[in-house]
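In what follows, a single structure is set out as C-alpha cells and then discussed.
Quick note: numbers below take in every heavy atom, side chains included, and nothing from hydrogens, waters or symmetry partners.
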Protein chains: 2
Amino acid sequence: MSDKPTTIKEIAKILKISVSTVSRALNDHSSIGLTTKMRVKKLAMELNYEPNQKAIQFLQGKSHIIGVILPELSESFFSTAISGIEDVAYKRNYTVLLAQSHDDADREKLLVEKMKTQRVDGLLVSVSKTTSTYEHFEVFKKLNIPVVFFDRIPPIKDIHYVASNLENGTYEAVNFLLKKGHRTIGMINGPTTLVASHERKEGYIKAMISNRLKFDPSLIVSCDLSEDGTIDVMNTMLNHRRKPTAIVTFNDYVALFAMRYTRSLELEGIDFVSYANLPIINYMDYTPIASVEQFPYKQGKKAADILIDLINRPKNETGTEQAYFNVVVESELIVPTPK
Amino acid sequence: MSDKPTTIKEIAKILKISVSTVSRALNDHSSIGLTTKMRVKKLAMELNYEPNQKAIQFLQGKSHIIGVILPELSESFFSTAISGIEDVAYKRNYTVLLAQSHDDADREKLLVEKMKTQRVDGLLVSVSKTTSTYEHFEVFKKLNIPVVFFDRIPPIKDIHYVASNLENGTYEAVNFLLKKGHRTIGMINGPTTLVASHERKEGYIKAMISNRLKFDPSLIVSCDLSEDGTIDVMNTMLNHRRKPTAIVTFNDYVALFAMRYTRSLELEGIDFVSYANLPIINYMDYTPIASVEQFPYKQGKKAADILIDLINRPKNETGTEQAYFNVVVESELIVPTPK
DNA sequence: TAATTTTGCGCAAACGTTTGCTCAATGGTT
DNA sequence: AACCATTGAGCAAACGTTTGCGCAAAATTA
C-alpha cells in the first residue's frame, strides 16, 4: 500500500493548513485551537502517521541512543547488568546500542570510534582486561558526550563510574565462616594487580580483626584463576601448617575447581564461599555454602540512570567545576536457605 | 575547546569554496581536483571534522542500525548468537540496537514498536515463548523494513528465517549410542508442541530405522523440562520393561537433573547425550558423553548477513514476487575427546 | 583558429520537523 | 468608538549533508 511513510507535509496539504500548524497540533501546543487539533490528529491516525525520528534526531541533535561497550555478554555478570541498563533505558525512552570488546583493547578502541560516529547521546563502558590506555575516551569529553564506566573502571581521575566494593561482602563472608566455628580460613585470591583482589583481602583482614583474631597473611594466596593454578594453590593450602577448614575463592570457577580437587583427594568438610558469577551453580551437586553477591542488575541500572541524568542535565555553565559521579554498590553475602 | 563540532560549512568558508566541493572532496568524488581535495582533507583533519551522522541518516533515510529482539541474553545460546550478529554488523558497518523480551509477549510487542519509531534499517527477532500473535511484525512490511527471524521462528508463512534443524544432530547422537553398543535408548523430549521436539523425535526414529532396529515409541517421553518433571519421567524410564542404557535429553539442564537423580539412586552406567546449552558443562564432574551442537554463533551470523543483504537489495520492482530466505543450519554431534 | 570535449567547481534543492516571529481576527475593556 | 489583549494559524529559517544540473575555464581535437 503505502510506499513511503506519511509526512507532516501531506497532512498539511490534505487539510489545507500549514505544516507548522500540523506539527503544533500533534505536539499539543497551546496555540492551536481544539477543533484543528482534533482534525489533525484524526487524519494522522488514519494515515498511520509516524514522525520521522531521523529528522527529529537531526534537528534536535539527539539520538536517544546510548552506547554500551562491555567485555563479554556470555559472562553472566554482564548479561545481567545489561538487563538493568536496558530496563532503565527503556523506561526513560532510550535505546541501547550494544557492542562487545571480547576483552580486546584494540577492538574496544574501534568500537569507541563507531559509537562516536553514530553520535550516541551517551556511553556506558566496562573496560576490557587488556585496555591500558584511555585516550580514546577523551574525544567524548570534547564532544560533550557523557561517559559512565561501570564495574571494570579505568584507574584514572575525573570520570563518572559505578562499581562494586567487595570489601563489605568479603567481610561478611569471613565473618559468617567464623561464626560457623571456623578458625583457619584460607582465601584463594586473584592477581594482586586487580583492585578486586585488594578489596577481598581488606575485607578478610577486617573480619579477622573485628573478631580479635590474628591475621595470618600466608592464608591468602593469589592465583591465576585457571584450573591448574587453582590446584597448585590448593596444594599450598592443604600442606599449610594450619590446614584451612574453610576457603573463600575468587569466583565460582575457582570454587568449582577447588571443590572438585578436594573431592578427588577424598577430603571432606572444607566449607567454600565464593562470589556469585554462575547462575548454573544452583543446579549443581556440590556448591559453595554461601556467595558474595555483586548485584550486577543494580549496577547496570544505576550506571544507566546516571548516564541519562548526565545527558539531560542543563548545559554546564562555563567556568563551573564539573562534578563526577562515583557510585559504589556494596556487595553482600547471600546464604542460600536449604529447602 | 571546540564547543560545537566542525561542520562542512565552516571548512567551506575558511577555504572560500562551496560546501558541495567540500563534500565531494571528502568523499573522493572524481570531479574534484587533486589539489583541492588535499586542501580540504588537510583542514578537515586539523579541525577534527566528523561528519554529522544524524544529518546523513536523515538525508539518506538510512540509520545503519539493525534492531535485535531476543528472549534472554543470559541464555548462552543467545549471548553466543548475538556475538555472531554483532561481528557481521561490525564488518558490514552496521550497529546493533539490542532489546530483550524476557519471554514476555507484551514486552516484545512494545519493543517492536520502539524499534519502529527508531526506524531501524532492519530487524532480527527470536520470538518469545509466550508470543502467539504476530501482527506486530506486519507494520515492518508496510514500512519496507526487512525482518529476519532466527532460532525461535513464528509458525507463519512468508517470512525470512534462519533456524537449526535438530533432526540431523539427533540422528547422529542416536547412531553414536548404537555404535557404542547401546540397544535400548531413551529420549527425554520436550513438550510435543515444539518444533524442536518433533525434530528430535524424527532424528531418533531415522537412526533406529537406518540401523534396522525396531522403534519403540514408549522410549520417548515428553517432559516439562523442570527438575521435578525430569525426575518423573526418569522414573518412568527406569521402570520401563526395557530399561534404557543410554538417554538423550532435551537439554543440558534436563541432563543435569537426570544424571543427578541416577546418582542419587546409585545407578551407574547410563550414558547421556544432550544438546549444547551450557558452557559451564565443561567444568563439571559429571557430564553427558556427547552433545548436539546448534551453532548459535553461526546462526546469528547467517541471520545478520541475510538481513543486511535484504536491506541493501535493489528496490523490489512492483509486481515481482518476493522471495523468502529460509535457511536451516544443520546441527551436529560433538563428542569430546578425552584428554 | 574555431569547435568540441574535459575538468573543476558552484548553485540550489531536498530530506522532515520544530520554532521564533508575524499577523489577522476575535472579544473585551475603557 | 477607539484601544488592547487574546486566540489561532501561517511564514520561513534552521539543522548538515548530498547531488543533479549548470557553467566557466582549460585542454584537446579538427
Rounded to whole Å, please give me the gap between CD in B:Q53 and P in D:dG16.
14 Å
Closest contact, heavy atoms only, A:S164 versus A:D151
OG-OD1, 4.4 Å
Give a yes or no answer on whether the side chain of A:T130 reaches the backbone of A:A105 with a donor-acceptor pair at less than 3.5 Å.
yes
Rounded to the Å, how far apart are B:K9 NZ and D:dC15 C1'?
7 Å
Ring centers of B:Y324, B:Y161 separated by less than 6.0 Å:
no
Assign B:I56 to base, sugar-phosphate, or nothing according to its heavy-atom contacts below 4.0 angstrom with the strands shown.
sugar-phosphate
Centroid distance under 5.5 Å and plane angle under 30°, B:F58 vs C:dC15:
yes
For the side chain of A:S31, starting at C-beta, report the closest nucleotide among D:dT18, C:dC9, D:dG8.
D:dG8
What integer distance in Å separates B:Q57:CD from D:dT18:P?
12 Å
Using the side-chain heavy atoms of A:Q60, tell me which of these nucleotides is nearest: C:dT18, D:dG10, D:dT18.
C:dT18
Please confirm whether any donor atom in the side chain of B:R24 sits under 3.5 Å from an acceptor in the base of C:dG8, or the reverse.
no
Figure out the CG/P separation between A:N52 and C:dT18, and round it to whole Å.
10 Å
What's the CG-P distance between B:L143 and C:dG16, to the nearest Å?
14 Å
Do A:T131 and A:E108 get their side chains close enough for a donor-acceptor pair, meaning under 3.5 Å?
yes
Whole-Å distance, B:E50 CD to D:dT17 C1', equals 15 Å
Nearest whole angstrom, please: distance from the P of C:dT7 to the CD1 of B:I17.
20 Å
Give the rounded distance in Å between these two atoms: CE of B:M38 and P of C:dC9.
14 Å
For B:K109 and B:Y134, indicate whether the former's side chain and the latter's backbone hold a donor-acceptor pair under 3.5 Å.
no
I'd like to know if B:S20 reaches the base of C:dC11 with its side chain, counting only an N/O donor and acceptor under 3.5 Å.
yes
Find which nucleotide of DNA chain C each of A:T21 and B:V22 is nearest to by heavy atoms, and output the residue with the more 5' nucleotide.
B:V22
Residue pair A:N27/B:T36 against DNA chain C: nearer the 5' end by closest nucleotide is B:T36
Distance-only donor-acceptor test, A:R39 side-chain atoms vs D:dG8 base atoms, 3.5 Å
no
Under 4.0 Å between any heavy atoms, over every strand shown, what does B:T7 touch: base, sugar-phosphate, or nothing? Just pick one.
sugar-phosphate
By nearest heavy atom, map B:S23 and A:L59 onto DNA chain D; which one lands nearer the 5' end?
A:L59
OP1 or OP2 of C:dT17 sitting under 4.0 Å from any side-chain N/O of A:Y49?
yes
